[in-house]
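Working notes, beginning with the structure itself.
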Amino acid sequence: MIRLVPRTENSAAWQLATPLLAVLATMVAGGTLFAIMGHDPFAAIRTIFWDPIFGAASGYSRPQLLVKAAPLILIASGLAIGFRAGIWNIGAEGQYIIGGVTGAAVALAAYPAEGMWIFPAMVLAGALGGWAWGMVPALLRNWFGASEILVSLMLVYVAQKVAAWMAFGPMKNPEGFGFPGSRNLQQYPAAANPELVAGTGAHWGVVAAAVAVLATWFLMSRHIRGFHIRAAGLAPRAARFAGVRPQTLVAFCLGLSGALAGMAGLFEAAGPAGQITDKFGTGYGFTAIIVAFLGRLHPVGILLAGLLLALTYIGGELAQLTLQLPAATVQVFQGMLLFFLLGFDLLTRFRIARRITA
Amino acid sequence: MNRRDLVTSVAAMMAISLAAPAFAQDEPLKVGFIYVGPVGDGGWTYQHDLGRQAIEAEYGDRVETTFIESVPEGADAERALTQLALAGNTLIFATSFGFMDPVMNVAAKFPDVKFEHATGYKRADNVATYDARFYEGRAVMGTIAGRMTESNKIGYIGSFPIPEVIQGINSSFIHARKVNPEVEMKVVWAYSWFDPAKEADAASALLAEGVDVILQHTDSTAPLAKAQEAGAIGFGQASDMAAFKPSPRVSSIIDNWAPYYIERVGAMLDGSWTSKATWAGIAEGEVEIGEITDAVPAEVKQEALALKDQIASGEYHPFTGPLNKADGSAWLAEGQVATDEELSGMNFYVEGITAEIPQ
Amino acid sequence: MIDPLSVFLLLVAAATPILFAALGELVVERAGVLNLGVEGMMIAGALSGFAAAHATGNPFVGFLAAAVGGAAISLLFALLTQVLLANQVASGLALTLFGLGLAALFGKPLEGIKAPSMTAGPLGISWIVWLGLAMVPLIWWFLNRSRAGLILRGVGENHDAAHALGYPVHLVRGAAIAFGGAMAGVGGAFISIATVLQWTEGMTAGAGWIALAIVVFSNWTAVGVLAGAWLFGGVTVLQLRLQAAGIKVPVQLLSMAPYLATIIVLVLISARQKFSRRAGGAAPGSLGQNFHALR
């Protein structure tokens with residue numbers, strides 16, 4: 001018989017090895033799937049994992065990795081802080097949508113004014129919108145003890161309806177021939193969030209994601225609040241004796257992750273997406289939860305996990321394009337990758353021992 | 001703005017260097033597609049993919065087609081379009097309205113790649129638009145509906161209150177009324193192109209209102225299944241929905257993109273491609289009327305087919321005056337025909353429809 | 001004039017898929033597990049059910065197969081969260097992604113085929129609708145009156161205590177997850193076999209997410225789930241019904257209402273529990289937390 005023994009400290013060696021093992025296992029299982037579906041497994045795996053970085057058109061797809069990964073990393077960095085403290089914001093998708101809506105609202109209200117203040121005001125509005133949407137579950141938990149998991153999840157649905165309402169009503173482009181959706185902010189220079197340096201893909205959201213990784217790393221490893229957060233997650237009762245106020249922590253974590261998600265939404269609305277439509281929320285907020293866990297709730301891990309997921313999206317598109325792999329096959333492959341990554345994490349946290357029979 | 005111009009020119013250079021090989025003599029013409037849904041949606045995207053297959057059947061080795069399916073509108077669409085352009089596709093079809101701005105952005109970076117955008121209104125030297133006159137087919141459906149209804153109530157499941165759908169509602173209503181002055185039209189908006197459960201609920205709501213003929217501008221077969229349960233009839237939408245023959249599906253309005261796709265690929269092959277706005281209908285074979293089944297009496301079938309022929313020959317336009325708007329104000333005088341501009345921005349019901357368009 | 005009875009009959013049928021899925025998720029959550037993969041399990045059931053109904057010509061065999069299909073895919077989630085102790089939220093989201101992809105892949109050969117028709121049950125209402133309604137008292141009885149239900153609740157409320165009393169926490173949770181999968185599968189199959197009569201990928205179109213909201217609204221009771229399913233289904237049916245009658249309705253705002261109501265219910269119940277320190281009600285104590293026995 002075997003049994004699992006928790007490691008007192010997460011194993012550094014396994015922490016590096018498990019994601020690699022998981023990716024390898026996915027390649028084997030996914031390759032088998034591709035072979036069964038009648039595709040060349042080696043070509044498929046090379047197309048998904050290799051070509052976006054080193055392939056013929058990688059000059060374009062490499063920057064796109066950043067574009068796709070930036071919102072995931074920005075959102076996941078905020079979420080991970082709360083997850084470390086045992087505060088479960090699973091409504092980042094809603095905060096993302098509301099951030100996009102409030103940020104875009106500033107731009108649409110200012111239209112067609114020009115001014116250096118417009119874009120910063122939008123970022124602020126986006127962050128505030130996300131923050132406010134995150135503070136609802138925080139306050140309801142602090143005041144009434146309502147589960148933040150559930151309240152934040154419910155607010156995702158509400159946010160989706162808000163976006164639809166905006167796209168069909170107040171924010172509808174008056175020059176859009178009756179089609180739903182706001183004006184395209186890419187075509188409004190004062191409000192646009194364009195590529196900052198040609199060919200790098202880097203827009204302000206990418207910059208913000210990089211800053212978020214650094215800042216959360218600093219917060220968690222160098223700042224007293226980071227210590228409180230970790231303490232609260234590991235031993236809530238002990239943390240309370242050490243002077244950690246749980247209510248402050250709840251408000252801090254949900255507010256911060258909400259603000260970051262809101263900013264991500266705004267950068268997307270003003271940049272790659274360009275407009276608020278009823279389908280503005282494309283799932284970044286939910287995928288970011290997976291990214292946070294794949295990254296072991298560590299800023300650097302999140303950075304890598306965000307890039308890995310972006311890779312599978314872009315590689316998946318390439319596989320559709322060059323190998324005519326159906327989108328569904330790519331989706332199954334991504335699902336496998338997530339399962340393996342989540343499953344293999346066990347080896348980081350536990351070691352396997354022989355059960356000693358009494 | 002300087003930064004932008006730089007971006008554009010760099011990308012353009014990149015595009016030229018990468019796209020150039022595709023112009024070599026013996027290379028096949030590469031044609032790319034991006035779809036908003038999966039090819040297996042049995043409706044909108046499925047029909048576009050049939051069009052893609054028709055290109056391959058027509059031109060064989062001279063073309064090579066690829067597609068990317070289930071592309072969300074927005075940022076992902078822009079990337080997918082760029083990937084298609086970088087992969088050497090020199091003609092790219094973007095088959096959803098929401099791809100409009102991404103198409104314009106990518107087209108600006110790849111001046112040598114031709115783009116075709118379905119149902120949009122923005123064009124450029126290398127961006128053409130195309131759409132189908134679905135309202136022509138709706139006129140035929142409306143005629144059958146007007147004749148077939150016993151309760152004199154016809155239901156219409158709309159997707160979104162956009163001009164294309166409003167044209168369809170008006171056209172069906174006008175022609176139902178023409179053959180049956182007692183007819184009333186009930187409209188329900190599902191706010192989705194494809195949501196089977198909701199479409200079923202919408203159909204049920206209409207049936208509960210006493211409707212016995214349902215027209216739909218949404219893609220699933222759920223309304224037909226509900227109609228069958230209630231002994232009502234309906235029509236296939238986008239695809240033939242032949243599995244529901246002979247009843248409840250008594251006919252269908254089929255999007256047939258093949259003629260247009262074949263024409264445009266042909267134009268690319270002989271070098272005559274130019275940017276234009278195409279709005280084709282029954283005459284061009286782009287809007288097809290699926291088999292009218294025996295559940296429809298022969299004389300009604302004759303009448304419907306006669307109308308179809310009149311529209312196809314150009315003898316009759318479904319929006320011919322006298323027609324008033326729902327608010328009672330005059331729209332088209334006796335014999336006057338609606339212009340394409342009026343139709344493409346249509347945001348009102350014609351007189352006789354009592355509902356209001358949600359704003 | 002809208003006849004309330006007709007609206008009610010419509011909503012009972014319309015609410016059936018989400019009722020099944022939510023009742024299943026209720027049992028899962030009562031065991032302390034939060035499975036966000038309902039959508040993935042529903043679509044798996046929609047496909048396996050449709051395939052079996054088509055192959056055998058018997059819709060009821062289809063529903064049976066849907067239960068098996070939903071349960072089978074849920075075991076992946078059980079493996080991840082109960083054996084490999086992976087995070088439940090992330091695993092559930094991954095399950096949804098995987099299920100949607102897998103169903104789309106395997107469903108290709110079934111596109112465009114019509115399901116065999118079903119014989120209606122008493123009062124012209126489908127047998128499956130009746131089954132869904134019957135599941136409400138059954139699950140209520142199971143949770144509140146049966147010994148197995150007591151153990152399941154114990155595991156969900158405090159897994160350490162349940163373990164200390166000698167109950168197999170992981171096994172109980174695994175069984176609950178499989179049951180939840182089976183119920184979600186039947187709910188999904190109601191859409192493919194009884195509502196649309198065809199298989200199309202993505203056809204559950206978010207119903208699984210509504211089911212999750214209903215469980216919260218229900219305050220984790222079977223009767224509450226029924227009320228929630230009727231409320232959520234009812235708002236859709238009512239707004240469509242009002243539209244059909246030619247009455248203008250603010251669709252987006254109205255469809256927001258049930259979610260806001262859910263939050264209010266959750267807050268009221270949490271507050272009552274917090275301020276009066278009454279036991280019972282509100283979320284299960286161990287919801288979403290994994291369990292690892294140290295001994």
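Owing to the predicted nature of the structure, the values given are computational and were not obtained by experimental measurement. Protein chains get the first letters and strands the later ones, always in sequence-line order, with residue 1 at the start of each.
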Check: Is there a donor-acceptor pair closer than 3.5 Å between any side-chain N or O of S218(C) and the backbone N or O of V215(C)?
Finding: yes

Next item on the list: Fit a plane to each ring of F232(C) and F217(C), take the angle between them on a 0 to 90° scale, and name the class: parallel (under 30°), tilted (30 to 60°) or perpendicular (over 60°).
Entry: perpendicular

Checklist line | Option in A213(C), G107(C), A104(C) with maximal non-hydrogen atom pairs under 4.5 Å from chain A | finding: A213(C)

Margin query: Check for me whether the distance between the ring centres of W209(C) and F286(A) falls short of 6.0 Å.
Written below: yes

Notebook entry, point to check: Can any side-chain N or O of R173(C) pair as donor or acceptor with the backbone N or O of A31(C) at less than 3.5 Å?
Noted result: yes

Notebook entry, point to check: Is it the backbone or the side chain of L140(A) that comes under 4.5 Å from a heavy atom of chain C, or both, or neither?
Noted result: side chain

Next item on the list: Please look at V330(A) and chain C and tell me whether the side chain, the backbone, both or neither of the residue comes under 4.5 angstrom of a heavy atom of that chain.
Entry: neither

Item checked: Most chain A-contacting option - heavy-atom pairs closer than 4.5 Å, from L93(C), L34(C), L268(C) -> L93(C)

Item checked: Most contacts with chain A, counted as non-hydrogen pairs under 4.5 angstrom, among L102(C), L85(C), V216(C) -> L85(C)

Check: Can you list the steps and then say if L75(C) with L79(C) is a side-chain contact (heavy atoms from CB on, under 4.5 Å)?
Finding: CA-CA 6 Å; L75(C) 287 179; L79(C) 173 73; over 6 Å; no

Next item on the list: For residues 134-150 of chain A, pull every pair meeting salt bridge (charged side-chain N to carboxylate O under 4.0 Å, His left out), keeping only residues two or more places apart or in separate chains.
Entry: R141(A)-E148(A)

Notebook entry, point to check: Side chain, backbone, both or neither: which part of T262(C) has an atom under 4.5 Å from a heavy atom of chain A?
Noted result: side chain

Notebook entry, point to check: Listed by residue number, which members of residues 89-98 of chain A have a heavy atom under 4.5 Å from any heavy atom of chain C?
Noted result: I90(A)

Checklist line | All pairs passing salt bridge (charged side-chain N to carboxylate O under 4.0 Å, His left out) where residues 332-346 of chain A contributes a residue, at least two apart | finding: R296(A)-D345(A), D345(A)-R349(A)

Notebook entry, point to check: Heavy-atom distance under 4.5 Å to chain A: side chain of L253(C), backbone, both or neither?
Noted result: side chain

Checklist line | Interchain contact, M336(A) with chain C, by part (heavy-atom threshold 4.5 Å) | finding: both

Notebook entry, point to check: What part of I149(A) is in contact with chain C, defined as an atom under 4.5 angstrom from a non-hydrogen atom: side chain, backbone, both or neither?
Noted result: side chain

Check: How long is the gap from CG on L139(A) to CZ on F144(A), to the nearest 0.5 Å?
Finding: 9.5 Å

Item checked: Region of L294(A) in contact with chain C, defined by heavy-atom distances below 4.5 Å -> neither

Notebook entry, point to check: Highest number of heavy-atom pairs under 4.5 Å with chain C: which of W88(A), F339(A), W165(A)?
Noted result: F339(A)

Next item on the list: Test side-chain contact (heavy atoms from CB on, under 4.5 Å) on L80(C) and Q88(C) and set out the steps.
Entry: CA-CA 8 Å; L80(C) 277 171; Q88(C) 294 175 7; over 6 Å; no

Next item on the list: List in chain and number order the residues that pass salt bridge (charged side-chain N to carboxylate O under 4.0 Å, His left out) with K161(A), two or more places apart in sequence or in another chain; answer none if no residue qualifies.
Entry: none

Next item on the list: Output yes when E201(C) and K108(C) qualify as a salt bridge under the 4.0 Å nitrogen-oxygen rule, no when they do not.
Entry: yes

